[in-house]
S.K.: 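For reference, the structure I am asking about is given below.
Numbers restart at 1 for each chain; the letters A, B, ... are given by sequence-line order, proteins then strands. Keep in mind the model is a prediction, meaning the values are calculated, not measured.
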There are 2 protein chains.
Amino acid sequence: MTTPQEYDPYVQGCPSRALLDRIGDRWTVLVIGILADGPQRFSQLRRRVDGVSQKMLTQTLRGLEADGLVTRTVYAEVPPRVEYELTALGHSLRVPLLALEDWAREHMDEVLGSRQRVAERV
Amino acid sequence: MTTPQEYDPYVQGCPSRALLDRIGDRWTVLVIGILADGPQRFSQLRRRVDGVSQKMLTQTLRGLEADGLVTRTVYAEVPPRVEYELTALGHSLRVPLLALEDWAREHMDEVLGSRQRVAERV
DNA sequence: CAGTATCCCCCAGGATACTG
DNA sequence: CAGTATCCTGGGGGATACTG
């Protein structure tokens, strides 16, 4: 603690790389995006995140929960109802993620065009 | 083309998911970050991105090249020198990525604290 | 409904060896 | 130096079946 230890993702083993891992997997980002609309049930998420398997959705949600980005609330009803909701921390992460989505929307054509050209060996 | 087709990452097969894939893998983000400092040789990148294998670095750079985010310049010298540099598009991607890095720096403690608590079953 | 538990396959990616 | 080429393994993740 003598030197203030900054998080440096370029160094192996730095915890901030762990964040990159979490952001890394496709489902995490998509689930956060959906939850930004408000609390959602498991089945709603499953339906809205096209292509996610039950296993991966559960796994993703458990990870988000562990990271303090999402809360899980079980209602004592029959049939059971479970709602997932972004925490304040989760909402704060939404901001940079939105910036990324905006970039994608704005520049995806350029990227795809480039890929096309490469694929055609032009 | 009757309805303006927006990129929707929540739909399977949407090309914008391809971008999530690219951002997804750790090396891409790290390499872009390093290249933001200016043009770099292969060996420099290899050294600065701690833990990347030769194979993955090559693969990552080829991908970035294909997407039009990075240029590859070969100098006819002995020994050979190859420099990688961000394109304007690559630089523009830097902006949202920086926002993400900032978030990580600012909130990593909270995330790690949460993980700790979960790991300890508290 | 909202999961857990299992099996199992595939391929991302590391290690190693070789080349222009 | 800046890569290819090849081999090989771990585990990510789908499919399926079962449960509170």
S.K.: If hydrophobic clusters are built by linking Ile, Leu, Val, Met, Phe, Trp and Tyr wherever their side-chain heavy atoms come under 4.5 Å apart, do B:Val11 and A:Ile34 end up in the same one?
M.R.: no
S.K.: First and last nucleotide of DNA chain C in contact with chain A, 5' to 3', at under 4.0 Å to a heavy atom: what are they?
M.R.: C:dC1 to C:dT4
S.K.: Identify whether any heavy atom of A:Tyr75 sits under 4.0 Å from a base atom; if not, whether one sits that close to sugar-phosphate; answer base, sugar-phosphate or nothing.
M.R.: nothing
S.K.: Once you round to the nearest 0.5 Å, how far does CG of A:Leu45 lie from CG of A:Leu61?
M.R.: 6.0 Å
S.K.: Show me the dot-bracket string of DNA chain D, counting Watson-Crick or G-U pairs under 3.5 Å, with | for pairs to another strand and [ ] for crossing ones.
M.R.: ||||||||||||||||||||
S.K.: Grab the two heavy atoms, one from B:Ile23 and one from B:Val29, that are nearest each other, plus how far apart they are.
M.R.: O-CG2, 3.3 Å
S.K.: What pairs with B:Trp103 under ring pair (Phe, Tyr, Trp, His ring centres under 6.0 Å), at least two apart in sequence or on another chain?
M.R.: B:His107
S.K.: Nearest 0.5 angstrom please: B:Asp109 CG to B:Arg105 CZ, how far?
M.R.: 12.5 Å
S.K.: Just to verify, which of A:Leu98, A:Asp67, A:Leu86, A:Ile32 counts as forming a side chain to side chain contact (heavy atoms under 4.5 Å, CB included) with A:Leu93?
M.R.: A:Ile32
S.K.: Any residue in residues 20-48 of chain B with a heavy atom nearer than 4.0 angstrom to DNA chain D? Just list them by number, or reply none.
M.R.: B:Arg41, B:Phe42, B:Ser43
S.K.: Could you tell me the separation between the CG atom of A:Leu30 and the CG atom of A:Leu35, rounded to the nearest 0.5 Å?
M.R.: 11.0 Å
S.K.: Can you sort out the partners of B:Arg81 under side-chain contact (heavy atoms from CB on, under 4.5 Å), two or more places apart, ordered by chain and number?
M.R.: B:Arg41, B:Tyr75, B:Glu77, B:Glu83
S.K.: What distance do B:Met56 atom CE and B:Arg26 atom CZ have between them, rounded to the nearest 0.5 Å?
M.R.: 10.5 Å
S.K.: Please collect all side chain to side chain donor-acceptor pair (under 3.5 Å) contacts where either partner lies in residues 53-66 of chain B, sequence neighbours excluded, each pair once.
M.R.: B:Arg62-B:Tyr84
